[in-house]
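These notes are about the structure you will find just below.
This chain uses plain numbering: 1 for the first residue, then up along the sequence.
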Amino acid sequence: MLNMTHRWALLPSLLISAPLLASECPVDRVIAHYQIQHTQQTNSQEHELLLVRKGDRVLQRFLQAQISELWFQQRNGRIRPTRYFDQHQRGIEYQAAEVNQNNAQQLWQEKRQLITGAQRDAMTLLSDSGQGCNRRQRFHWQTGNSQAELEWAPHSQLLVSYRLQHGSEFWQYQLKSHQHDRVAVDNELSQLQQYPTVDYADVGDMENDPFLAQMINQGFLQHGASGFYNAQGESLGAQHKDHDHDHAH
């Protein structure tokens with residue numbers, strides 16, 4: 001599953017002009033726009049992520065790759081995704097039985113917040129300042145040649161910035177903007193749900209479908225892989241599996 005969370009580094013914190021009460025930054029209704037930068041030696045890549053939360057649904061849109069994942073949490077706590085491909089205006093729907101549910105709670109936190117509570121707990125709290133929606137917590141973690149810095153907005157449960165260094169490899173993750181507008185959240189979700197979908201279990205019987213054949217060849221239908229993609233739409237799961245923090249997953 002998505003395994004990139006812990007290498008990103010976010011830049012400065014988002015500034016809000018006036019103090020807001022926690023009730024004005026609802027946790028379960030938000031659109032957050034992130035910029036991600038990955039640098040390895042002299043090679044650097046940038047891409048953008050749109051995170052959308054509404055109740056029991058979480059949408060992650062990888063804008064350069066034109067790929068989105070909509071995660072749904074069932075009443076029994078099990079989770080399942082639908083993966084959408086904007087270029088083809090098609091989607092692949094997975095059932096809960098096709099997702100490893102052993103760490104469903106942590107996986108759900110990772111989709112909603114880009115980092116789990118366990119990962120934050122393993123970091124050292126450096127500061128806690130501000131009030132309401134403006135409250136910010138700063139954390140640090142280090143082991144061996146790896147270190148990470150996190151800025152966290154506890155009331156809105158948003159990752160504001162994250163920076164991971166692993167040897168000569170750097171990840172930076174920066175919150176550029178966010179909003180809690182109900183109509184905007186609904187529009188983001190409804191736009192993708194207009195795409196026709198096929199059940200993952202039926203893919204084997206539909207290999208003559210050019211879209212599905214292309215997705216199989218590119219490895220996008222391996223639901224155990226990372227949901228993160230680079231600007232070329234290539235899966236980042238294999239690249240980042242071995243470099244997570246000790247407290248990640």
Side-chain angles (χ1 to χ4, degrees), residues 1-14 32-51 60-69 83 85-87 106-107 109-111 113-116 118-127 136-152 158-178 214-215 217-249:
M1 287 302 157
L2 308 187
N3 217 3
M4 232 176 99
T5 311
H6 316 286
R7 330 162 186 266
W8 308 336
L10 309 191
L11 306 175
S13 72
L14 183 69
H33 182 197
Y34 290 93
Q35 184 176 27
I36 306 167
Q37 183 176 21
H38 174 218
T39 303
Q40 191 169 20
Q41 296 179 348
T42 58
N43 182 33
S44 182
Q45 291 184 337
E46 291 187 1
H47 48 286
E48 295 173 279
L49 168 68
L50 200 66
L51 174 69
Q60 293 187 349
R61 300 196 67 179
F62 310 95
L63 301 184
Q64 277 73 19
Q66 298 186 59
I67 295 173
S68 303
E69 285 188 339
R83 181 170 289 171
F85 300 84
D86 291 331
Q87 182 178 358
Q106 288 189 355
L107 183 58
Q109 289 180 0
E110 183 180 279
K111 304 307 177 186
Q113 305 169 179
L114 306 180
I115 192 168
T116 69
Q119 291 159 0
R120 289 198 313 276
D121 291 344
M123 304 181 78
T124 301
L125 178 64
L126 299 180
S127 65
R136 295 291 183 267
Q137 295 176 325
R138 294 180 180 272
F139 297 85
H140 178 76
W141 171 88
Q142 183 170 2
T143 182
N145 65 343
S146 299
Q147 60 178 329
E149 297 175 357
L150 166 69
E151 184 173 351
W152 175 251
L158 281 176
L159 184 151
V160 177
S161 66
Y162 189 85
R163 174 183 171 86
L164 171 69
Q165 177 183 357
H166 180 79
S168 60
E169 187 174 15
F170 295 86
W171 282 97
Q172 296 188 26
Y173 209 90
Q174 176 63 45
L175 177 64
K176 304 300 293 183
S177 64
H178 74 277
Q214 181 179 352
M215 295 302 100
N217 290 336
Q218 293 181 356
F220 287 120
L221 297 189
Q222 299 174 359
H223 57 275
S226 167
F228 282 86
Y229 304 90
N230 62 21
Q232 288 71 47
E234 299 166 339
S235 174
L236 296 174
Q239 298 179 29
H240 304 297
K241 182 178 180 181
D242 299 328
H243 294 162
D244 283 341
H245 296 173
D246 291 347
H247 63 279
H249 303 297

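- L175 has its side chain out of reach of L159: every pair of non-hydrogen atoms, C-beta onward, lies at least 4.5 Å apart.
- Distance check: K176 NZ to H33 NE2 gives 8.5 Å after rounding to the nearest 0.5 Å.
- No donor-acceptor pair under 3.5 Å is formed between the side chain of E48 and the backbone N or O of Q64.
- Within the model, atoms CD of Q45 and OG1 of T39 stand 9.5 Å from one another, a figure rounded to the nearest 0.5 Å.
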task = Tell me, with the steps shown, if L158 and Y34 meet side chain to side chain contact (heavy atoms under 4.5 Å, CB included).
result = CA-CA 11 Å; L158 281 176; Y34 290 93; 3.8 Å; yes
inquiry  = Apply side chain to side chain contact (heavy atoms under 4.5 Å, CB included) to residues S146 and W141 and explain how you reach the verdict.
reply    = CA-CA 8 Å; S146 299; W141 171 88; 3.8 Å; yes
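- Atoms CD and CD, from Q106 and Q119 in turn, are 7.0 Å apart once rounded to the nearest 0.5 Å.
- Remark: Q35 CD to L49 CG distance equals 11.5 Å, nearest 0.5 Å.
- Smallest separation of non-hydrogen atoms from R83 and I67: CG-CG2, 4.1 Å.
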message = side-chain hydrogen bond (donor to acceptor under 3.5 Å, both in side chains) for Q60 and E69? Distances and angles first, verdict last.
response = CA-CA 5 Å; Q60 293 187 349; E69 285 188 339; over 6 Å; no
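- Nearest heavy atoms, V160 versus Q174: O-NE2, 3.8 Å.
- Residues that satisfy the side chain to side chain contact (heavy atoms under 4.5 Å, CB included) test with Q137, not counting sequence neighbours, are L125, D128, R135, F139, W152, P154.
- Partners of Q66 according to the side-chain hydrogen bond (donor to acceptor under 3.5 Å, both in side chains) rule, which considers only residues two or more places apart in sequence or in another chain, do not exist here.
- A 4.5 Å side-chain heavy-atom check between R61 and D86 finds at least one atom pair inside the cut-off.
- Here the side chain of Q109 pairs no donor or acceptor atom with the backbone of K111 at under 3.5 angstrom.
- Atom OG1 of T124 sits about 7.0 Å away from atom NE2 of H140, to the nearest 0.5 Å.
- Q113 contributes a side-chain N or O that, together with a main-chain N or O of I115, makes up a donor-acceptor pair within less than 3.5 Å.
- By the 4.5 Å heavy-atom criterion applied to side chains, E149 and E151 are not counted as neighbours.
- Taking CD of E169 as the reference point, atom CG of N145 lies at 10.5 Å (rounded to 0.5 Å).
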